Amino acid sequence: MTTLPPSLSPCHSQTTCASLLQELQIIWDEIGESDGERDKMLLELEQECLDIYRRKVEMTRKYKADLHHSLAQSESEIANLVSALGEHSLSFSRGKGTLKQQISAVRPVLEDLRSKKEQRMKDFTETQSQIIRICAEIAGNSQDIMSADPQVNEHDMTIKKLGELKSHLQELQNEKIIRLQKVNSHINMIHELSVLMSFDFLKTVSGIHPGLIDTPNGQSKSISNDTLAKLTGIIHSLQQEKQKRLQKLQSLGSILMELWNLLDSPADERKKFEHVTSLISSSIDEVSRQGCLGLDVIEQVEVHVERLNVLKASKMKELVFKRQNELEEIYRGVHMDVNSDAARQLLINLIESGDVDLSNLLSSMDDEITKAKQEALSRKDILDKVEKWKHASEEEKWLDDYEKDENRYTAGRGVHKNLKRAEKARILVGKLPAIVETLTAKVKAWELEKGIPFLYDKISLLNKLEEYTVLRQEREEEKRRSREQKRLQEQFAAEQEALFGSRPKKPLGQTNTMVGTPIGRRVSTPSSRHGVSSLKERRESGRVNNVIPLNFVALPKDDSVSRGS
């Protein structure tokens with residue numbers, strides 16, 4: 001039972017009440033209050049005291065109930081917080097004692113759980129706010145970020161749930177990094193293409209999203225799907241434009257090269273457009289010089305090409321005849337037949353008629369020159385062997401003349417050189433049959449492949465080779481007959497010397513005036529051979545001096561002929 005303090009104990013209260021009643025009696029006596037009034041007042045006073053006690057008891061009872069309710073609420077809140085925070089490892093017991101003692105025991109646990117909840121709520125709110133912000137950036141709804149209010153489920157704020165949210169946030173942050181890298185890469189590529197083609201980079205990129213250029217207040221660049229799609233589209237468009245401009249400049253560069261070659265433009269003029277002609281063989285990935293694909297560059301080249309075309313038109317006639325000269329030079333170089341006068345007259349008629357496009361005429365002449373060069377190339381091997389054949393034939397002719405010279409061994413200037421040349425000529429002449437045979441085989445193969453005769457200075461080369469072969473055979477036969485006749489004459493002279501003794505020889509010029517004249521075929525005829533046989537028989541019978549032929553010529557012995565036989 002609760003002990004009242006001394007000031008509120010019954011004895012003390014009764015003493016106080018008695019003292020007050022006594023004082024009240026004195027006052028009533030002085031007033032002259034009647035007994036009835038005095039009893040009535042005392043009754044009222046007693047009633048008021050009872051009411052005050054009742055109220056106090058009621059208030060105390062209610063306070064007790066409040067304490068019970070508060071304790072129950074605290075226990076319920078602790079249970080809810082334990083469940084929401086997942087703090088199932090927390091062991092809690094209210095203990096024993098008065099209500100206030102029990103409440104005092106519960107309060108620290110509840111405060112600790114409330115603190116944890118507040119911190120957990122803060123973590124959830126911050127994590128969900130970041131998730132909402134990144135999702136809004138990806139979706140392109142950055143304007144809704146400020147009004148977004150993260151809704152935290154207070155019934156599930158466990159560490160596991162927070163970990164899931166943070167894992168999701170990490171994934172979104174990684175995706176944001178990847179998207180930001182893509183955006184920066186796309187912007188860099190757009191910048192490169194813009195610089196390459198002299199585009200306004202800032203205007204191009206800001207037209208996609210203002211935040212891609214200026215990011216005030218630390219605002220991050222737009223990484224939305226729409227922004228990435230627009231950046232990709234711009235890059236594709238710029239790459240197509242780059243390809244188109246490169247092809248345009250490559251075409252103009254090729255035209256420039258053709259016009260320069262046609263007009264024999266000086267090197268300093270060509271150097272001004274090296275930045276264009278250098279692109280002719282470049283791939284699209286190799287083009288990187290600043291402004292090289294700008295519209296101003298294209299316009300500048302187009303103006304220059306137009307100027308050269310005007311100049312080309314004024315010099316076209318001269319260029320046509322220059323092509324004709326080149327064509328004729330190719331034909332003459334390989335000994336092909338070409339009617340220059342007729343061809344030139346035809347060109348003059350075509351130009352003066354005005355019915356032909358001179359550019360097309362030049363193009364067709366270029367094609368003809370290309371074909372002529374190919375034809376010349378196909379004839380080169382044969383022509384090289386023709387030159388070798390002609391050189392060997394000339395050496396053969398020189399050697400014949402050299403060997404006919406009776407004074408070739410006479411001491412004098414150049415004898416030593418002639419001897420060396422004669423030695424080399426004999427080796428080369430010995431190869432002539434093989435040279436002619438090889439050349440003939442190649443000409444026949446060429447004619448079989450081409451289906452046309454091989455003409456050399458308007459004459460069939462095969463006919464010339466056959467004619468040369470026949471003439472050479474005739475010359476060889478002529479030499480053989482000459483050597484045979486000379487041998488017989490020397491033999492006859494030796495026999496005469498043996499029979500009659502030596503006779504003084506007259507100079508060759510006084511012996512027979514027929515020396516140096518061609519020797520006829522009659523030398524090797526059957527009748528002449530029969531005469532020689534009869535002469536031998538008569539010599540044996542002792543009547544030799546009556547059979548000396550009238551056409552006998554005592555020729556000096558030729559060393560070179562003797563060596564050859």
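Not measured: the values here are computed from a predicted model. Excluded from the calculations below are hydrogen atoms, water molecules and symmetry mates; all remaining heavy atoms, backbone and side chain alike, are included.
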I'd like to know whether [atom1] of [X] has more than 12 heavy-atom contacts from other residues, nucleotides or ligands below 6.0 angstrom.
{"X": "Glu126", "atom1": "CD", "answer": "no"}
{"X": "Glu437", "atom1": "CD", "answer": "no"}
{"X": "Lys464", "atom1": "NZ", "answer": "yes"}
{"X": "Glu306", "atom1": "CD", "answer": "no"}
{"X": "Lys450", "atom1": "NZ", "answer": "yes"}
{"X": "Gln290", "atom1": "CD", "answer": "no"}
{"X": "Lys242", "atom1": "NZ", "answer": "yes"}

Rounded to the nearest 0.5 Å, what separation is found between the [atom1] atom of [X] and the [atom2] atom of [Y]?
{"X": "Asp264", "Y": "Lys322", "atom1": "CG", "atom2": "NZ", "answer": "3.0 Å"}
{"X": "Ser251", "Y": "Ile255", "atom1": "OG", "atom2": "CD1", "answer": "4.0 Å"}
{"X": "Leu110", "Y": "Arg107", "atom1": "CG", "atom2": "CZ", "answer": "9.0 Å"}
{"X": "Thr127", "Y": "Gln170", "atom1": "OG1", "atom2": "CD", "answer": "11.5 Å"}
{"X": "Lys431", "Y": "Thr438", "atom1": "NZ", "atom2": "OG1", "answer": "12.0 Å"}
{"X": "Glu423", "Y": "Leu419", "atom1": "CD", "atom2": "CG", "answer": "9.0 Å"}

Closest contact, heavy atoms only, [X] versus [Y]:
{"X": "Ile298", "Y": "Lys248", "value": "CG2-CG, 4.0 Å"}
{"X": "Ala372", "Y": "Leu327", "value": "CB-CD1, 3.6 Å"}
{"X": "Met257", "Y": "Ile280", "value": "CG-CD1, 3.8 Å"}
{"X": "Leu246", "Y": "Ile284", "value": "CD2-CA, 3.7 Å"}
{"X": "Leu432", "Y": "Ser393", "value": "CD2-OG, 4.3 Å"}
{"X": "Thr277", "Y": "Gly253", "value": "CG2-O, 4.3 Å"}

**Report entry** Stepwise side chain to side chain contact (heavy atoms under 4.5 Å, CB included) test for His236 and Gln240
**Finding:** CA-CA 6 Å; His236 180 68; Gln240 286 185 328; 3.2 Å; yes

Side chains of [X] and [Y]: does their closest heavy-atom pair fall under 4.5 Å?
{"X": "Tyr456", "Y": "Asn463", "result": "no"}
{"X": "Glu387", "Y": "Leu383", "result": "no"}
{"X": "Arg120", "Y": "Ile159", "result": "yes"}
{"X": "Lys272", "Y": "His304", "result": "no"}
{"X": "Cys135", "Y": "Leu172", "result": "yes"}
{"X": "Leu428", "Y": "His391", "result": "yes"}
{"X": "Lys271", "Y": "Asp268", "result": "no"}
{"X": "Trp389", "Y": "Leu465", "result": "yes"}

Quick check against the 3.5 Å criterion: does [X] have a side-chain atom that pairs as donor or acceptor with the backbone of [Y]?
{"X": "Asp112", "Y": "Pro108", "result": "no"}
{"X": "Glu269", "Y": "Pro266", "result": "no"}
{"X": "Gln250", "Y": "Ser281", "result": "no"}
{"X": "Thr370", "Y": "Asp366", "result": "yes"}
{"X": "Thr125", "Y": "Met121", "result": "yes"}
{"X": "Ser115", "Y": "Glu111", "result": "no"}
{"X": "Ser76", "Y": "Ala72", "result": "no"}
{"X": "Thr232", "Y": "Leu228", "result": "yes"}
{"X": "Lys117", "Y": "Leu81", "result": "no"}
{"X": "Arg245", "Y": "Leu293", "result": "yes"}

Query raised in the report: Is a side-chain donor-acceptor pair under 3.5 Å present for Glu477 with Gln473?
Result: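 Judged by distance alone, the side chains do not pair up.
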
**Report entry** Modelled atom types, side-chain donor and acceptor of Gln300 and Asp296, under 3.5 Å
**Finding:**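 Note: Gln300 and Asp296 side chains miss the donor-acceptor criterion.
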
Report task. Give the intermediate values and the outcome of side chain to side chain contact (heavy atoms under 4.5 Å, CB included) for residues Glu326 and Lys373. Result -> CA-CA 10 Å; Glu326 184 178 352; Lys373 288 180 179 178; 3.9 Å; yes

Can you give each donor-acceptor pair under 3.5 Å made by side-chain atoms of residues 187-204, sequence neighbours left out, with the distance rounded to 0.1 Å?
residue : atom : partner : partner atom : Å
Asn188  : ND2  : Asn184  : O            : 3.2
Ser194  : OG   : Ile190  : O            : 2.7
Asp200  : OD1  : Leu202  : N            : 3.4
Asp200  : OD1  : Lys203  : N            : 3.3
Thr204  : OG1  : Asp200  : O            : 2.8

Would you call [X] and [Y] a salt bridge, taking side-chain N to carboxylate O under 4.0 Å as the test?
{"X": "Glu368", "Y": "Arg323", "value": "no"}
{"X": "Lys230", "Y": "Asp226", "value": "yes"}
{"X": "Lys479", "Y": "Asp400", "value": "yes"}
{"X": "Asp384", "Y": "Lys380", "value": "yes"}
{"X": "Lys385", "Y": "Asp381", "value": "yes"}

Requested in this report: Report the C-alpha separation of Asp123 and Gln119 in whole Å, then their side-chain angles, then the decisive distance to 0.1 Å, and conclude whether the side-chain hydrogen bond (donor to acceptor under 3.5 Å, both in side chains) test is met.
Outcome: CA-CA 6 Å; Asp123 293 341; Gln119 183 60 42; 3.3 Å; yes

Requested in this report: Start with the C-alpha distance between Val436 and Arg472, add both sets of side-chain angles, then the distance that settles side chain to side chain contact (heavy atoms under 4.5 Å, CB included), and finish with yes or no.
Outcome: CA-CA 11 Å; Val436 173; Arg472 192 169 191 275; over 6 Å; no

Query raised in the report: Among Lys390, Arg421, Arg426, which one satisfies side chain to side chain donor-acceptor pair (under 3.5 Å) with Glu395?
Result: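 Result for side chain to side chain donor-acceptor pair (under 3.5 Å) with Glu395: Arg421.
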
**Report entry** Set of residues satisfying salt bridge (Lys or Arg N to Asp or Glu O under 4.0 Å) with respect to Glu175, sequence neighbours excluded
**Finding:**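 Glu175 satisfies salt bridge (Lys or Arg N to Asp or Glu O under 4.0 Å) with Arg179 once adjacent residues are dropped.
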
Requested in this report: With side chain to side chain contact (heavy atoms under 4.5 Å, CB included) as the test, would you mind laying out the steps for Cys292 and Val287 before giving the verdict?
Outcome: CA-CA 8 Å; Cys292 65; Val287 180; 3.4 Å; yes

